[in-house]
2 protein chains.
Amino acid sequence: MPEHLEQQETTPLPQSQPATDAFHEEFELFHRHLVKHRLKRTAQRDLILRTFLETEAHLSVEELYDLVKQRDKTVGFTTVYRTLRLLVEAKLAREVNFNDGRARYEHEYKHDHHDHLICTECDALIEFFSPEIERLQEEIAKQYGFVIADHSHRVFGMCQAYYTNSDDYPPYCRKRPGAAQEGKMR
Amino acid sequence: MPEHLEQQETTPLPQSQPATDAFHEEFELFHRHLVKHRLKRTAQRDLILRTFLETEAHLSVEELYDLVKQRDKTVGFTTVYRTLRLLVEAKLAREVNFNDGRARYEHEYKHDHHDHLICTECDALIEFFSPEIERLQEEIAKQYGFVIADHSHRVFGMCQAYYTNSDDYPPYCRKRPGAAQEGKMR
DNA sequence: TTCCCTGCAAATTTTTTGCAACTAG
DNA sequence: CTAGTTGCAAAAAATTTGCAGGGAA
């Protein structure tokens, strides 16, 4: 397997822990998961995990694949697809769905659960967390004898940056008013 | 502009309003939407709407198509697909997503907004509504200057019926323990 | 008559799988 | 060695579109 990638020189899979990597714990968790399930550590998996961890975006399989390709053209879509599933199993990634017709993934490890305000006009994404809502949710589940494993709370609407005519758009707004007005397409 | 609607008997599309139909308002809303957008009332659209309204289930396009076919084999999948979009536009249907890989639709008209507890073991669906959560959600949005248009709050976990060994399963549990253990597949 | 609608087939898009070659352990 | 992994190609699954014929207004 050809060795590519970054500034590592000696380790067999150096790209997983470059000096600049702040993801030691995540990698350790991942590698433990691999051992536990008798799976193998490969250069591709490490690269995919690192690429995933390095962006805070909520990427689809294809988007992550594109990023990975920039570093190693030989990695296949299928591998990214399967590794992402692996990351979900290892509790490093979480699948989210923004109604844009494709599955998206966000960091799960040490990322407190949070929910999203999603601007349907400009695709801005605002993360929020409300302990009160979490508590109420638990109460409701309890009433039904329901045991919560996970939840997804998405609020769709219009972000300030979009409906305001001002010129200083908050950092969380990825598009500017007037930009591609697509609504929900795929 | 032709006025139809309600309990007419002579209309060319009688199947839309049989004596047993309790959906007068929905049909009126729908037909008004058609007129407003210069769209046409057809037998297929009425049949699809009626079929949709007669089930409280959260159907996918294909499932609704199957139901419609039982009444009229000539109706095509595409028409059901497009009509469902029309119903969403007319605010009669709402798209929901239960992470089973396909879009599903539920009634929207006069159905207070509600959210779901979704049993990942047996696919049971429990609807809930919490004014407090709605209020908190509004507050949060306000903090961000976000204007809410819609939201989706899904709580995944295990329903009582599933983890209990008792034999009296609540009506909302569609499968019995031990039944097809599928988790999340498509 | 004029658009709109329908159903079919086909195209797209996204997700998933089969398989032969390859490799970590 | 052995069993898991990879990338390609192809299959599946779900959604969407083009179009010719038919129908509502």
Side-chain angles (χ1 to χ4, degrees), chain A residues 1-4 11-13 16 30-31 33-49 59-66 68-69 72-89 95 97-105 182-186, chain B residues 1-4 11-13 16 30-31 33-49 59-66 68-69 72-89 95 97-105 182-186:
Chain A
M1 188 107 303
E3 274 319 70
H4 24 66
T11 59
L13 293 164
S16 71
F30 183 52
H31 296 152
H33 179 85
L34 294 180
V35 169
K36 182 173 179 183
H37 296 270
R38 287 198 216 81
L39 304 175
K40 290 170 178 171
R41 182 181 179 183
T42 66
Q44 291 92 328
R45 287 178 175 170
D46 275 4
L47 173 61
I48 292 165
L49 172 55
L59 305 174
S60 64
V61 183
E62 183 140 42
E63 288 165 350
L64 179 57
Y65 169 57
D66 288 339
V68 169
K69 256 197 313 192
D72 182 351
K73 290 190 171 189
T74 73
V75 176
F77 173 87
T78 308
T79 302
V80 175
Y81 166 76
R82 285 190 277 225
T83 300
L84 226 19
R85 290 211 147 188
L86 203 52
L87 296 184
V88 171
E89 286 163 20
E95 189 180 321
N97 187 304
F98 295 147
N99 272 6
D100 66 345
R102 72 190 78 187
R104 291 182 172 282
Y105 298 83
E182 51 219 315
K184 172 204 298 189
M185 77 291 92
R186 63 176 304 193
Chain B
M1 195 106 308
E3 275 318 77
H4 27 69
T11 60
L13 295 165
S16 72
F30 183 52
H31 296 151
H33 180 83
L34 294 180
V35 169
K36 182 173 179 182
H37 296 271
R38 288 196 213 81
L39 304 175
K40 290 169 181 172
R41 181 181 181 185
T42 66
Q44 291 92 328
R45 286 177 175 173
D46 273 5
L47 173 61
I48 292 165
L49 172 54
L59 306 174
S60 63
V61 182
E62 182 140 44
E63 288 164 351
L64 180 57
Y65 169 58
D66 289 338
V68 169
K69 257 198 311 191
D72 183 350
K73 291 190 170 191
T74 73
V75 177
F77 173 87
T78 308
T79 303
V80 174
Y81 166 76
R82 284 189 277 224
T83 300
L84 227 18
R85 288 213 149 187
L86 203 51
L87 296 184
V88 170
E89 285 165 18
E95 188 180 323
N97 187 303
F98 296 147
N99 272 6
D100 66 345
R102 70 191 80 189
R104 292 182 172 281
Y105 298 84
E182 53 220 315
K184 172 202 297 185
M185 78 295 87
R186 60 176 309 194

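Chain letters run A, B, ... following the sequence lines, proteins first, then strands; residues in each count from 1.
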What are the atom names and distances for every N/O pair under 3.5 Å that joins the protein to nucleotides 4-7 of chain C?
from	atom 1	to	atom 2	distance (Å)
C/dC4	O4'	B/Lys40	NZ	3.0
C/dC5	OP1	B/Lys40	N	2.8
C/dC5	OP1	B/Arg45	NH1	2.4
C/dC5	OP1	B/Arg45	NH2	3.2
C/dT6	OP1	B/Thr42	OG1	2.6
C/dT6	OP2	B/Arg45	NE	3.4
C/dT6	O3'	B/Gln44	NE2	3.0
C/dG7	OP1	B/Gln44	NE2	3.4
C/dG7	OP1	B/Thr74	O	3.0
C/dG7	OP2	B/Gly76	N	3.2
C/dG7	OP2	B/Thr79	OG1	2.2
C/dG7	N7	B/Arg82	NH2	3.3
C/dG7	O6	B/Arg82	NH2	2.9

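- In this structure the side chain of B/Thr74 never reaches within 4.5 angstrom of the side chain of B/Gln44, judged on heavy atoms.
- A/Leu59 has its side chain out of reach of A/Asp66: every pair of non-hydrogen atoms, C-beta onward, lies at least 4.5 Å apart.
- The CG atom of A/Asp100 sits 14 Å away from the C1' atom of D/dT15 (whole-angstrom rounding).
- In this structure, the CZ atom of B/Arg102 is 16 Å from the C1' atom of C/dT13, given to the nearest Å.
- When side chains are defined from C-beta on, A/Val61 counts as touching A/Val80, because their heavy atoms get closer than 4.5 Å.
- Note: CD (B/Glu62) to C1' (D/dA12) measures 12 Å, nearest angstrom.
- Between B/Arg85 and B/Val88 there is no side-chain heavy-atom pair separated by less than 4.5 Å.
- Between the OH atom of B/Tyr105 and the P atom of D/dA14 there is a distance of 13 Å, rounded to whole Å.
- A/Ile48 is not listed as a side-chain neighbour of A/Arg45, based on a closest heavy-atom distance of 4.5 Å or more.
- Atom CG of A/Asn99 and atom C1' of D/dT15 are 14 Å apart (whole Å).
- Spacing between atom CD of A/Glu63 and atom C1' of C/dT14 amounts to 13 Å, rounded to whole angstrom units.
- Closest contact between the side chain of A/Tyr81 and the listed nucleotides C/dT14, C/dT15, D/dT15 involves C/dT15.
- Regarding B/Arg104, its CZ atom lies at a distance of 10 Å from the P atom of D/dT15, rounded to whole Å.
- Note: CG (A/Asp46) to P (C/dA24) measures 12 Å, nearest angstrom.
- Looking at every heavy atom in both residues, B/Arg41 comes nearest to B/Leu34 through CA-CD1, 3.7 Å.
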